[in-house]
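Below is one structure, written out as structure tokens, with a few remarks after it.
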Number of protein chains: 2
Amino acid sequence: MKGKETRTHLNREDVLDAAANLVKQHGPGALTMRKLAAELGTAVTSIYWHVGNRESLLDALVERTVADLGEIRPSGATPDRRVVSVARALRRQLRDHPHLVAMVHERGLTERMFLPAQRALVHEVHAAGLRGARAADAVRAVQIHVVGHVLVERNRERAPVQRPGEDELWTAETAERDAALARALAGPLDPEALFTTSVRALVAGLLGP
Amino acid sequence: MKGKETRTHLNREDVLDAAANLVKQHGPGALTMRKLAAELGTAVTSIYWHVGNRESLLDALVERTVADLGEIRPSGATPDRRVVSVARALRRQLRDHPHLVAMVHERGLTERMFLPAQRALVHEVHAAGLRGARAADAVRAVQIHVVGHVLVERNRERAPVQRPGEDELWTAETAERDAALARALAGPLDPEALFTTSVRALVAGLLGP
DNA sequence: ACCTGAACACCGTTCAAGT
DNA sequence: ACCTGAACACCGTTCAAGT
């Protein structure tokens, strides 16, 4: 019982709110039925009455969070840039909900999540002159690239110090005597910059001749 | 006790073998200390003597599997094609060890895993004339694209039927009156083909002018 | 050096019983 | 309609005790 507003009956929304809070504060691992019950000040079993079971609780939670995501507005003069801007906006959305990505991924709901972005991409790809199957490929390629990139990014952030450690692995000798390359690979990675670079390259390749 | 060769003492290798088997046959979720003990015909606690705890057991398992991956040989006439071939080989490796990807991802070891591929990429990117930071970006962009793509692919496979379902979502109206596009987006996705398309586009964009 | 069972603190879920 | 505690079948891990 964490002294919020008092209520006569527990309801589905309360459960979802508390669950969202738990995840936001202590990560998805902290979302257990028992901790949730403690948070709500009820018996564990009450929760089951409202949300079925843990599985569907997570489903509902993900569903709600996805629904709350803002829409995506393309910006930029050329179709190229507008597609890139959609990709960046999508990445930003995902990064703003760090736990969401993991949960969606775990639940295999990646597809369903990205309709708004997909619509925006369809529009821009069309504007670039692509049609039919070719347009569909472009949309999907960008989409997968963004989601994949965010997944890998998040993974990299969570990862503790790597042993052997890239700084030891990449020296001028192992990098074919390209000292600058060795330094770059050994040094830290700027995900934002790399993302922009790769999306630009991908879009150029997809929309180009 | 699954009547393999008899042995006097349990050892670390036996434990890892059994663990790998469990994962291969029933997925990572089936790898519990207790099931593992049952499989080995020992007390649960014996395992702890050999591998420390579950955490380090998983670490060791991932480590071993990664070490067993074959090396990557580029093929193709132009640097473009050779980079694409490395990407495809890497994807193939990852797909051949379906559980590995998830485990590596969960453990945040994605970096460490891809050294061989990274070396191959460095070589090809160099051959294409890129140097220094620009080369590093290209290598990392391709690498992240492959890993990300495989993660999303696996996710998509695991995902059951999607509700609403893309076939209902994408009609000619919602697809800006492009019926072929609607059909393509509603239809099934060919991951192999899409992967090739996107990698080609990405590489063209990265190595191109 | 290696193995053991008992015990602890956690899980999710079911169910019969309460109001 | 909503809530409850008891109970079940699982977890990972520690520890003292065995050989």
Side-chain angles (χ1 to χ4, degrees), chain A residues 1-23 25-63 99 102-103 106-108 158 160, chain B residues 1-23 25-63 99 102-103 106-108 158 160:
Chain A
M1 186 110 64
K2 277 243 177 153
K4 318 240 161 154
E5 80 287 13
T6 46
R7 46 173 157 57
T8 50
H9 275 323
L10 194 64
N11 65 46
R12 200 182 149 86
E13 289 310 306
D14 294 332
V15 175
L16 288 179
D17 286 344
N21 250 313
L22 226 37
V23 170
Q25 289 182 19
H26 308 99
L31 180 48
T32 75
M33 301 303 265
R34 295 177 128 98
K35 278 186 188 138
L36 187 52
E39 198 73 8
L40 288 163
T42 58
V44 202
T45 40
S46 303
I47 300 173
Y48 284 82
W49 199 91
H50 290 282
V51 297
N53 56 16
R54 186 167 189 274
E55 216 41 17
S56 40
L57 166 62
L58 285 174
D59 276 340
L61 193 56
V62 168
E63 197 94 12
H99 302 308
M103 289 174 69
E106 252 165 61
R107 315 198 66 62
R158 257 187 343 174
Chain B
M1 187 112 61
K2 277 245 178 149
K4 320 243 160 152
E5 81 287 11
T6 47
R7 49 174 156 58
T8 49
H9 274 325
L10 193 64
N11 64 46
R12 200 183 149 85
E13 289 309 306
D14 294 332
V15 176
L16 288 179
D17 287 344
N21 250 314
L22 224 39
V23 170
Q25 288 181 20
H26 308 101
L31 180 48
T32 75
M33 301 303 264
R34 295 176 129 98
K35 278 186 188 138
L36 187 51
E39 197 75 7
L40 288 163
T42 59
V44 203
T45 41
S46 304
I47 300 171
Y48 284 82
W49 200 91
H50 290 284
V51 297
N53 55 18
R54 187 167 187 273
E55 213 46 12
S56 40
L57 166 63
L58 287 173
D59 276 340
L61 193 57
V62 167
E63 196 94 11
H99 301 308
M103 289 174 69
E106 250 165 63
R107 314 198 67 61
R158 258 185 343 173

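Numbers restart at 1 for each chain; the letters A, B, ... are given by sequence-line order, proteins then strands. Excluded from the calculations below are hydrogen atoms, water molecules and symmetry mates; all remaining heavy atoms, backbone and side chain alike, are included.
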Exercise for the section: Remember a base hit wins even if backbone is also touched, and classify A/Ser46 as base, sugar-phosphate or nothing at under 4.0 Å, heavy atoms. Expected result: base
Practice task
Give one of base, sugar-phosphate or nothing for B/Thr32, where a contact means two heavy atoms less than 4.0 Å apart.
Solution key: sugar-phosphate
What integer distance in Å separates [X]:[atom1] from [N]:[atom2]?
X       : N      : atom1 : atom2 : value
B/Leu36 : D/dT13 : CG    : C1'   : 15 Å
B/Tyr48 : D/dG12 : OH    : C1'   : 4 Å
A/Arg54 : D/dC11 : CZ    : P     : 16 Å
A/Trp49 : D/dA1  : CH2   : P     : 7 Å
B/Arg12 : C/dC3  : CZ    : P     : 14 Å
B/Asn53 : D/dC11 : CG    : P     : 17 Å
A/Ile47 : C/dG12 : CD1   : P     : 9 Å
B/Leu10 : C/dC3  : CG    : P     : 5 Å

Handout entry: Any side-chain donor near an acceptor of the partner, B/Ser56 and B/Asn53, under 3.5 Å
Key = yes
Practice task
Verify the contact: side-chain N or O of A/His50 to OP1 or OP2 of D/dA1, cut-off strictly under 4.0 Å; return yes or no.
Solution key: no
Exercise for the section: Return no unless some side-chain N or O of A/His9 is found under 4.0 Å from OP1 or OP2 of D/dC3. Expected result: yes
Handout entry: Complementary nucleotide of C/dA7, counting Watson-Crick and G-U pairs under 3.5 Å
Key = D/dT13
Exercise for the section: Sort out the partner of D/dT19 for me: Watson-Crick or G-U wobble, both distances under 3.5 Å, none otherwise. Expected result: C/dA1
If only atom types and distance count, is the side chain of [X] paired as donor or acceptor with the main-chain N or O of [Y] below 3.5 Å?
X       : Y       : result
B/His99 : B/Pro28 : no
B/Arg54 : B/Tyr48 : no
B/Arg34 : B/Ala43 : no
B/His50 : B/Leu10 : yes

Practice task
Between A/Ala43 and B/Thr45, name the one whose nearest nucleotide on DNA chain D is closer to the 5' end.
Solution key: A/Ala43
Exercise for the section: Please figure out whether A/Gly52 or A/Lys35 has its closest DNA chain C nucleotide nearer the 5' end. Expected result: A/Lys35
